[in-house]
Q: 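Sharing a structure with you now.
Order of the sequence lines sets the chain letters (A, B, ...), proteins ahead of strands, with each chain counted from 1.
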Number of protein chains: 2
Amino acid sequence: MNIREILAANLKRYRRERGVSQEELAHLAEIDRTYISSLERCQYAASIEVVDRLAKALGVEAYDLLRLV
Amino acid sequence: MNIREILAANLKRYRRERGVSQEELAHLAEIDRTYISSLERCQYAASIEVVDRLAKALGVEAYDLLRLV
DNA sequence: GTGTGACTTGGAGTCCGTG
DNA sequence: CCACGGACTCCAAGTCACA
């Protein structure tokens with residue numbers, strides 16, 4: 001499992017746990033909706049700033065999104 | 001302290017703990033020395049793949065480089 | 001051993017849409 | 001609500017010479 005896949009898995013998991021859609025998360029994190037979809041499909045290696053914004057929107061720390069649980 | 005600063009601090013700390021120069025780390029992680037220098041000076045928001053390669057070279061997990069200790 | 005400016009380019013990230 | 005596409009913009013990624 002590479003780093004993109006870890007991010008993708010954590011993104012999906014935390015997002016669904018909170019019951020928010022990709023669109024709602026996109027709004028909260030001020031990131032494009034289609035880009036979040038891409039990240040959940042391991043299409044890109046996000047920057048740490050994007051990871052940080054997504055983490056804040058999900059109420060976790062940035063490193064939580066890169067850690068296997 | 002933003003995410004770039006956290007990465008920079010952890011990079012410096014782990015690197016010095018292991019007693020390796022930017023040049024040696026650059027060789028280990030197969031990343032240009034001046035780019036590592038840039039990251040330690042918060043010049044860029046690195047991608048998670050770069051963070052992952054640096055982490056492996058330092059013998060830690062990627063999320064360790066984004067976590068305040 | 002490290003900082004820095006200048007440079008190129010591939011990919012991160014956005015915006016429009018569709019099924 | 002999401003996957004996926006094309007067409008864009010702009011910065012991370014990578015290299016070099018020099019201080």
Side-chain angles (χ1 to χ4, degrees):
Chain A
M1 204 171 190
N2 66 37
I3 196 76
R4 291 195 194 193
E5 291 169 339
I6 293 173
L7 174 63
N10 284 326
L11 261 184
K12 275 186 216 169
R13 189 166 51 79
Y14 283 120
R15 184 173 64 76
R16 288 174 179 165
E17 269 179 24
R18 281 145 185 77
V20 296
S21 65
Q22 291 180 349
E23 204 155 1
E24 288 167 331
L25 178 58
H27 183 68
L28 290 170
E30 292 181 311
I31 290 176
D32 194 73
R33 167 184 65 81
T34 66
Y35 188 55
I36 292 181
S37 168
S38 300
L39 292 181
E40 290 194 355
R41 286 176 290 120
C42 306
Q43 211 167 335
Y44 297 110
S47 74
I48 56 175
E49 274 172 4
V50 163
V51 172
D52 198 44
R53 283 156 65 190
L54 288 168
K56 283 186 172 60
L58 290 167
V60 297
E61 296 297 324
Y63 59 78
D64 287 318
L65 292 182
L66 298 181
R67 172 166 60 181
L68 286 171
V69 185
Chain B
M1 203 170 190
N2 64 40
I3 196 75
R4 291 195 194 192
E5 292 169 340
I6 293 173
L7 174 63
N10 284 326
L11 262 184
K12 277 186 213 166
R13 190 167 51 78
Y14 283 119
R15 184 172 65 75
R16 288 175 180 162
E17 271 179 24
R18 281 145 184 76
V20 296
S21 64
Q22 290 181 351
E23 204 156 359
E24 289 165 329
L25 178 57
H27 183 68
L28 290 170
E30 293 182 312
I31 290 177
D32 194 74
R33 171 186 70 77
T34 65
Y35 186 57
I36 293 180
S37 168
S38 300
L39 292 181
E40 289 194 358
R41 286 175 292 115
C42 308
Q43 210 167 333
Y44 299 111
S47 75
I48 56 175
E49 275 174 3
V50 164
V51 172
D52 198 44
R53 281 157 65 190
L54 288 167
K56 284 186 171 60
L58 290 166
V60 295
E61 296 297 324
Y63 60 77
D64 286 320
L65 293 182
L66 298 182
R67 170 166 63 180
L68 286 171
V69 185

Q: Any heavy-atom pair between the side chains of Val50(B) and Leu39(B) that's under 4.5 Å?
A: yes
Q: Is there side-chain contact between Leu25(A) and Leu54(A), with heavy atoms separated by less than 4.5 Å?
A: yes
Q: Among residues 54-69 of chain A, which residues get a heavy atom nearer than 4.0 Å to DNA chain D?
A: none
Q: Write down the distance between CZ (Arg33(A)) and P (dC16(C)), rounded to a whole number of angstrom.
A: 10 Å
Q: Could you pull out the closest heavy-atom pair between Gln22(B) and Ile36(B), with the gap in Å?
A: O-CD1, 4.0 Å
Q: Decide whether Ile48(B) and Ile6(A) are clustered together by the hydrophobic rule: side chain heavy atoms of Ile, Leu, Val, Met, Phe, Trp, Tyr closer than 4.5 Å, transitively.
A: no
Q: Hey, is Arg18(B) close enough to Glu24(B) for a salt bridge, meaning N to O under 4.0 Å?
A: no
Q: Can you pull the ring pair (Phe, Tyr, Trp, His ring centres under 6.0 Å) pairs that have at least one residue in residues 8-50 of chain A, sequence neighbours excluded?
A: Tyr35(A)-Tyr44(A)
Q: With the sugar-phosphate defined as primed atoms, P, OP1 and OP2, and the base as all remaining atoms, what B/S/- string results for nucleotides 5-15 of chain C, 5' to 3', for protein heavy atoms under 4.0 Å?
A: -------SBBB
Q: Return the minimal non-hydrogen interatomic distance between Leu7(A) and Ala46(A), and the atom names on each side.
A: CD2-CB, 4.0 Å
Q: Angle, rounded to 10°, between the helical axes spanning five pairs at each terminus of the helix from dT2(C)-dA19(D) to dC15(C)-dG6(D)?
A: 40°
Q: For Glu40(B) and dT2(C), what is the distance between atoms CD and P respectively, to the nearest whole Å?
A: 8 Å
Q: What distance separates Asn10(B) CG from Leu66(B) CG, expressed to the nearest 0.5 Å?
A: 7.5 Å
Q: Just N and O in the side chain of Ser37(B): are any of them under 4.0 Å from OP1 or OP2 of dG3(C)?
A: yes
Q: Looking at SG of Cys42(A) and CD1 of Ile3(A), how far apart are the two atoms once the value is rounded to the nearest 0.5 Å?
A: 11.0 Å
Q: For residues 46-69 of chain A, pull every pair meeting salt bridge (charged side-chain N to carboxylate O under 4.0 Å, His left out), keeping only residues two or more places apart or in separate chains.
A: Glu49(A)-Arg4(B), Asp52(A)-Lys56(A), Asp64(A)-Arg67(A)
Q: Leu28(A) versus Leu58(A): any side-chain heavy-atom pair under 4.5 Å?
A: no
Q: Got a donor-acceptor contact below 3.5 angstrom from the Ser38(B) side chain to the Thr34(B) backbone?
A: yes
Q: For DNA chain C, which residues in residues 8-26 of chain B have a heavy atom at a distance below 4.0 Å?
A: Arg15(B), Ser21(B), Gln22(B), Glu23(B)
Q: Could you tell me the separation between the CZ atom of Arg41(A) and the NZ atom of Lys12(A), rounded to the nearest 0.5 Å?
A: 9.5 Å
